[in-house]
Each structure stands twice: as structure tokens, then as C-alpha cells.
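In what follows, a structure is listed as C-alpha cells, so that the remarks can point back to it.
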Amino acid sequence: MKRVNAMQSALNRYFSLWALLLPITSVVIIPSIPGTTPGLLMGIASVGYLFLLFLLPKYRFTYERIESGDFFRDLLRFTLLFLTLVLAAQLSLSLTSDNGIPLHFDKINLVSSEGLNSILFRSSLITQSFYLLVAVTLAVFVKNFYSASWNRIILYGATLLALYGLYEFIYFLVFHSNGDFLSNRIFISGEDQALHSGSLFQTMNLFGTQFMRLKSLTGEPSMFSFTMLPLWIFAIHLRRTKTQLVLLLSLILTFSTTAFIGISLYFCLRILFFRLRDRYLLVTVTIFLVAAPFLSTYIQALFNTIIGNKTQTYSGMERQSLMDTHLAFFNELPFLNKLFGVGFGYVRSADLWSTFLCNIGIVGTALFTLLFLVPVLKLKNDYETIGIKCLLIVIYFTAMISVSEFAYLTIWLFVGIAYAKLKEQRQLLSLRRQYYKSYNRS
């Protein structure tokens, strides 16, 4: 038992630091290399850290060594499956090229800057695969070693992210300038290969006042919303009232369509799961109904600014145009490319739906969907696990319609927690069956 506790303590210490850093995406160790965010680097280091624990004499031939072996087996299984899909896509590309069928890469948004004639194994396949494998490493780590004590650290990380964003928001109100002194991530993009900041400073005029759109250390408001939505839902279902209110305030101050779609979807899911027995929803609706008559003018202006006129703004029209363009490209692909895509990481649209269909095809998109669907269908319905189900659904749908990122670590953190809960549920069921068998024999 002491060895088991020692192993878990070592894992807890590592994850405690990782959890504080994993939501941060606009701070890097090497500014010119976008992939050197603290969370990604700790993901890479986690493999070596576990391998070291795996080999230490202190843990050799013990229960925890067997358990840690599951991490490497799970990671290997995913890697083999992923490589199979990648090679299937490259083979289909090769066959398409050999048959003289044109692929109109000039019509879509390619991630890497190679020429349009470069079809097989573009450089973005390597870089984007690296991001995905690191993110999956987090999911596998959490799935195999998750402890309920980690919840507190996860919410500490979320709170720090929200508080930094609120500091930026207040700083702008007072000094009318950008108060972000930590973000240093740089991207090289465009035909001129110009340098661009990895943290976008955006403002909007509301009620005659200029406000900064809260982004914190995630790069932009929509990415902050995408990162914070599952953390906010997680806090609600852990009954951390003060924490969830801080996170909710930070979400609202992004003035992001992604945030308001996610919040609305979550409340719809609460109605579906709890119906009219939901005290949280009743309190929220009551507060809204009492406040609405006094704030109707402001609510209407806020709705029109964030959601109502979205299709008429440049951002909204650009997103719709990108989705339409990439779906049209997918529809013109040969059959094999429709199944397996044109190559993982090749294409980036404004949404994950059209991005995935182009990159990994119907097969890859179906497998990604299944990854979220399995825990949603199989987890039991207590209050905490309903929260896990809700946040998985919110992550999936907000990504599919408004965010093209697949490797944000908060996605894979909660995928890992969901499968850890599912694993625990199966173990309990197995123990009950063994107990009933032994009881019946006696």
C-alpha cells in the first residue's frame, strides 16, 4: 500500500503543475516555436517521466508497475490506429494523383506553405500530428491515473486563467491599452511569411463604451470560450459555486458567439437531463426574469452585437464562406479521399466539421465522434457524470460549428476524465459480479 501511495503521489505532483499550465496557449518557452507551450512540453515530458517511474526499482514487479503499463499500451494502440488512417489517406492521395484526377488545393486554406503540387506527406502532417499525439498523451495519462483530488487543481488552473483575463479587461477600462505582459507566442503566416502575434487584442463598442474582449492567455476570445466552457460546466457539477461564477463572468466578457452558443447548449442539456426538477436552472431563470424588464435595452443590444448581426459581420461571413468552400471541396473528392481525407493536418477551415471531413474523411470524423459518444451513452447518470456528459457534448458541438482546433489540451483532459470514470464504473461492476458469484456459491 505504501508503494501504491508513493506512485500516486509522484503522479499527483506532476499533474498538479501540468493542470495549472495546460489551458495556456499564448505563452511559449521559445517564442518563435509555437509548439513550446508549457502544457505541450509537459505532455512530451510525461512519457519520459512515466517511463522513469516504470523502471525504478522502487516500483518494479508491483501493482502500480502493471497499472502504468496500461498507459504505454493505450498510447501505442492510438498511435497504430492513427498511423493506419494517415497511411490510408496518403495511399488514396497517391492513387488519385496516379489516375490524373485533379485536387483543387488552390481553392482551400492549406496549413503549410509548400507549393500546390506538393501532395504527399506535406510538412503540416508532421507538425499537426505532433500536436495531436501530445494532446492524446494527456488523455491517456488522465484515463489511467486520474484521482478525484485532481479536480481542485484543475479548477485552480481555470480560475487563474479567468482572473488574468479579468485583470486584462479591467486594465483596458482604466488605461485604454493592452495589459497582457505574458503572451509571447509568434506565428509565421501569409504569402509574405510575416510574423504575427499569437495573442489577438480585440475590442468592441457596446452601450457607447469601448470594451476589450476577454481572451486571457489563450490567444483570442473564441479560443478562451472554447477552453473555459468545459471548465465552467465542470465547476458547476462539482458544486463549486464561487468558482463557476468567476468562470461564467469571464465567459460573458469574451462577447464571443462561441461562449453564448456553449452556455445556451448547456442549459438545454440541463433541461433534457433534469427537466423541471433542476433547482440550478430554476434559480437562473428566475434571476433572468426578474432582471430582464430592467435590463431589456442592454440585453437586446448585447444580443444584436454578439449573435443577432453575426452573419452580417466580416468575421461571420468569412467563417460561413470558409465552411462552404471546404465542404464543396470535400464533395468533389474521389470516393477513397472522401473516406480517408486528403491528409491529416493539411487543411484548416473555420470549423472542425469541414476541417475534419477534408483532412481525415468520413472514417476519421466518425471515429472522433465515437470517442465522445461512447462515454455520453455509457456513463451512469449521477450529478457529476452528467456534467462530464454535458461538457463533452458542448466541446463537440462548439468545435464542429465554430472552432477548428482539435489539439487544445482541455478537450483531451475531459476525454481522459470521461474514460477514467468509465474505467472505474466497469471495475465496480466487475467487483459486484464477483461478489454476487461468491455469495451465491456460499
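One-based numbering along the sequence shown. All of these numbers come straight from a predicted model, not from anything done at the bench.
Within 6.0 Å of atom OH in Tyr383, more than 12 heavy atoms from other residues, nucleotides or ligands are found, so the atom counts as buried in its surroundings. Atom CH2 of Trp150 is surrounded by more than 12 heavy atoms from other residues, nucleotides or ligands within 6.0 Å.
Closest approach of Leu214 to Thr254, counting heavy atoms only: O-CG2, 3.3 Å. In this structure, Val28 and Asn184 approach most closely via the heavy-atom pair N-OD1, 2.8 Å. Closest approach of Asn12 and Ser149 over heavy atoms only: ND2-OG, 4.1 Å. Nearest heavy atom pair, residue Ser225 against residue Ala259, reads OG-CB, 3.3 Å. Closest approach of Ile388 to Leu379, counting heavy atoms only: CG2-CD1, 4.1 Å.
Proximity of a side-chain donor or acceptor of His326 to a complementary backbone N or O of Ala350 within less than 3.5 Å is not detected.
Residues forming a side chain to side chain contact (heavy atoms under 4.5 Å, CB included) with Ala162 (at least two apart in sequence, or on another chain): Met228, Val246, Leu247, Ser250. In this view, Leu373 and Leu377 satisfy the side chain to side chain contact (heavy atoms under 4.5 Å, CB included) rule, not counting sequence neighbours. Applying the ring-ring contact (aromatic ring centres under 6.0 Å, His included) test to Trp18 and every residue at least two apart in sequence or in another chain returns Tyr14, Phe141.
Counting heavy atoms from C-beta on, the side chains of Asp351 and Ser354 come closer than 4.5 Å. Residues Ser183 and Leu217 form a side-chain contact, since some pair of their non-hydrogen atoms from C-beta on lies under 4.5 Å apart.
The aromatic rings of Phe169 and Phe211 sit parallel to each other, their planes meeting at less than 30°, with 60° as the upper class boundary.
The salt bridge (Lys or Arg N to Asp or Glu O under 4.0 Å) pairs that include a residue from residues 376-391 are Lys380-Asp382, Glu384-Lys421, where partners are two or more places apart or lie in different chains. Within the structure, salt bridge (Lys or Arg N to Asp or Glu O under 4.0 Å) contacts touching residues 159-184 (residues at least two apart or in different chains) are Glu168-Lys215, Asp180-Lys215.
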task = Take Phe224 and Tyr164, measure what ring pair (Phe, Tyr, Trp, His ring centres under 6.0 Å) needs, and give me the verdict at the end.
result = CA-CA 12 Å; Phe224 178 86; Tyr164 187 81; over 10 Å; no
Practice item. Just do the ring pair (Phe, Tyr, Trp, His ring centres under 6.0 Å) check on Phe172 and Phe201 with the steps written out, would you? Key: CA-CA 11 Å; Phe172 178 81; Phe201 178 70; 5.7 Å; yes
Tell me which donor-acceptor pairs under 3.5 Å the side chains of residues 327-347 have, and how far apart each pair is, sequence neighbours excluded?
{"residue": "Asn331", "atom": "ND2", "partner": "Leu327", "partner atom": "O", "Å": "3.1"}
{"residue": "Asn337", "atom": "OD1", "partner": "Thr96", "partner atom": "OG1", "Å": "2.6"}
{"residue": "Asn337", "atom": "ND2", "partner": "Ser92", "partner atom": "OG", "Å": "3.1"}
{"residue": "Asn337", "atom": "ND2", "partner": "Gly341", "partner atom": "O", "Å": "3.4"}
{"residue": "Lys338", "atom": "NZ", "partner": "Asn331", "partner atom": "O", "Å": "3.1"}
{"residue": "Tyr346", "atom": "OH", "partner": "Gln90", "partner atom": "OE1", "Å": "3.4"}
{"residue": "Tyr346", "atom": "OH", "partner": "Gln90", "partner atom": "NE2", "Å": "3.2"}
{"residue": "Tyr346", "atom": "OH", "partner": "Ile119", "partner atom": "O", "Å": "2.6"}
{"residue": "Tyr346", "atom": "OH", "partner": "Phe121", "partner atom": "N", "Å": "2.9"}
{"residue": "Tyr346", "atom": "OH", "partner": "Arg122", "partner atom": "N", "Å": "3.3"}

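When each of Tyr146, Phe372, Phe234 is tested with Phe414 by the rule ring-ring contact (aromatic ring centres under 6.0 Å, His included), just one qualifies, namely Phe234.
A distance of 6.0 Å or more separates the ring centres of Phe15 and Phe145.
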